[in-house]
Protein chains: 2
Amino acid sequence: MTYSLTPAIQDYLEVIHDLSKHDSKVRITDIARKLNVAKSSVTEAIELLHAKNLVQKERYGPITLTRNGEREAAKLKYKHLLISKFLRDVLNVTADTAEKDACLIEHVVSVETMLALIQLLESKNYLDNDIDIEEVKILLSTNSLSNLAPGTKGTIKRVEATGELRRRLMEMGVTSGDDIQVKRVAPMGDPIEITVKGYNLTLRKNEAAAILIEIN
Amino acid sequence: MTYSLTPAIQDYLEVIHDLSKHDSKVRITDIARKLNVAKSSVTEAIELLHAKNLVQKERYGPITLTRNGEREAAKLKYKHLLISKFLRDVLNVTADTAEKDACLIEHVVSVETMLALIQLLESKNYLDNDIDIEEVKILLSTNSLSNLAPGTKGTIKRVEATGELRRRLMEMGVTSGDDIQVKRVAPMGDPIEITVKGYNLTLRKNEAAAILIEIN
DNA sequence: CTAATAAGTTAGGTTAAACTAACAATATTA
DNA sequence: TAATATTGTTAGTTTAACCTAACTTATTAG
Ligand SMILES: [Mn+2]
Ligand SMILES: [Mn+2]
Ligand SMILES: [Mn+2]
Ligand SMILES: [Mn+2]
């Protein structure tokens with residue numbers, strides 16, 4: 001398992017996300033057409049996304065994003081949208097160029113720059129009111145604990161769990177604001193060993209998936 | 001021959017340019033250290049740059065940029081500089097992040113966006129007076145005729161030749177403002193067949209290198 | 001002026017992301 | 001329901017960009 005997504009793979013995620021807004025079932029062929037690649041290339045990419053737990057799919061079946069895939073796709077969508085908006089509204093670049101540039105820059109720009117860009121757009125009142133920009137900031141600056149590499153240090157920003165799972169995590173002492181370090185990750189990403197408040201914990205993947213970390 | 005440079009290859013060019021400012025001889029080892037890659041990777045990249053007529057080098061000898069390599073490197077240098085300046089001065093991003101982001105964005109940003117960015121920096125008086133920004137605009141929006149793909153259409157922006165060569169080109173009817181189309185390019189990029197003012201011309205590589213085209 | 005050190009090259013691999021061509025499974029439609 | 005069309009997979013290649021290990025050529029220091 002690698003812990004970062006290449007630009008090419010990110011574009012697959014983005015397209016799947018887009019397609020699933022409109023059509024109920026996302027199919028290999030649709031993705032191939034949208035990205036202008038061969039079907040076989042899509043099959044391969046989907047296998048990779050599946051291995052990273054970003055999509056769900058069985059043989060010959062349709063593709064759906066996992067919780068994690070949804071999150072990563074949403075990050076990309078917002079980066080794209082915000083960069084494109086900046087290019088159009090601040091730099092006055094043509095819509096077509098803005099789209100193309102945004103879809104390339106989104107893969108290489110840092111979180112720090114994205115947050116600064118949001119600040120600029122906010123200060124000029126260029127942001128639509130229908131997006132919760134505070135939520136977007138958190139989305140962009142956090143990662144699910146379930147896809148962090150061993151050794152990563154960070155701070156718990158939020159525990160996105162309810163009911164039994166939330167209670168269990170609270171009991172273990174997993175709370176917002178705590179410093180955390182990923183100790184070890186088993187081959188398939190399950191279980192994950194972490195350190196919080198000096199204690200060593202072992203989490204299942206679904207537990208880790210609910211914990212949002214701000215890497216530092 | 002391919003007609004575009006990948007981000008990786010562009011970074012090699014940029015580093016060679018940088019190193020040749022300070023040291024008189026640019027060596028494989030220096031480039032390897034700067035880019036954090038193995039010497040053998042540099043050897044390979046240099047071969048590629050040589051095939052594209054961007055660097056000059058003989059076995060075990062030092063590396064120098066060709067006229068064309070110099071031009072491409074300068075483009076990159078200015079893109080880097082301007083994007084980095086924007087990130088620091090307009091977005092107030094830290095110097096370190098600005099450097100890193102600039103060195104990634106420079107490879108994917110369009111000319112249109114770069115020109116718009118320059119306009120923004122100009123309007124805010126953020127540009128140093130020691131750079132001739134009008135020259136930079138021309139640099140960024142043109143390509144040497146010697147590295148355009150067959151089929152490319154454009155306009156002659158400038159003929160950077162003096163003496164005999166200039167006279168010869170003028171005689172053939174190659175003048176600024178003319179529309180041009182690249183018809184055929186021989187295997188090693190020499191000679192190049194073009195159409196200007198309805199006439200078919202055949203140019204040697206060194207002649208074509210002096211002609212700057214704005215692609216349209 | 002040799003011997004050690006440094007620099008550069010070559011050979012052989014690996015990984016990601018494409019591709020084409022051939023085939024298998026599923027859906028559609030007559 | 002059988003034939004046809006569409007969709008998805010598999011196998012085998014290709015290209016770019018890296019790598020390590022082994023080797024060759026140049027440089028430098030005694
Ligand atoms: Mn993209
Ligand atoms: Mn995009
Ligand atoms: Mn760069
Ligand atoms: Mn750079």
Short side-chain N/O contact from A:Ser41 to OP1 or OP2 of C:dA17, under 4.0 Å: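 For A:Ser41, the contact criterion (side-chain N or O under 4.0 Å from OP1 or OP2 of C:dA17) is not met.
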
Any base atoms under 4.0 Å from A:Asp11, or only sugar-phosphate, or nothing? Heavy atoms, all strands.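 Counting heavy atoms under 4.0 Å across all strands, no contact is made by A:Asp11.
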
With a non-hydrogen cut-off below 4.0 angstrom, is B:Ala8 in contact with a base, only sugar-phosphate, or nothing?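 Sugar-phosphate only.
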
Check whether any side-chain N or O of B:Ser24 sits under 3.5 Å from a backbone N or O of B:Ser20 as a donor-acceptor pair, and report yes or no.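 No: the side chain of B:Ser24 does not pair with the backbone of B:Ser20.
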
Nearest-angstrom distance from the residue atom [atom1] of [X] to [atom2] of [N]:
X        : N      : atom1 : atom2 : value
A:Lys25  : C:dT26 : NZ    : C1'   : 13 Å
A:Leu48  : C:dA17 : CG    : C1'   : 10 Å
A:Asn36  : C:dA17 : CG    : P     : 17 Å
B:Ile63  : C:dA7  : CD1   : P     : 13 Å
A:Glu44  : C:dA16 : CD    : P     : 10 Å
B:His107 : D:dA16 : NE2   : P     : 18 Å
B:Leu35  : D:dA17 : CG    : P     : 12 Å
A:Leu5   : C:dA16 : CG    : C1'   : 13 Å

A:Arg33 bridged to A:Asp30 by N-O distance under 4.0 Å: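 Salt bridge flag = yes for A:Asp30 with A:Arg33.
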
In plain terms, say whether B:Glu14 and B:Lys34 are close enough for a salt bridge, that is, a side-chain N and a carboxylate O under 4.0 Å apart.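 No, no charged N to carboxylate O under 4.0 Å.
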
Closest heavy-atom pair and its distance - B:Ala208, B:Ile192: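 Smallest heavy-atom distance, with atoms named: CB-CD1, 3.7 Å.
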
Of the non-hydrogen atoms in A:Ser176 and A:Lys157, which two are nearest, and what is the gap between them?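 So the two residues come closest at OG-O, 3.4 Å.
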
B/S/- along nucleotides 1-9 of chain D (protein heavy atoms under 4.0 Å) is ------SBB

Closest listed nucleotide, where the reference is the side chain of B:Ala38 and the choices are C:dC19, D:dC18, D:dT20: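 For B:Ala38, the side-chain atoms sit closest to D:dT20.
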
So, do B:Asp178 and B:Thr155 sit near enough that their side-chain heavy atoms are less than 4.5 Å apart?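 Answer no - side chains too far apart.
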
Is any side-chain heavy atom of A:Asp179 closer than 4.5 Å to a side-chain heavy atom of A:Val196?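 In short, these two side chains do not touch, never coming nearer than 4.5 Å.
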
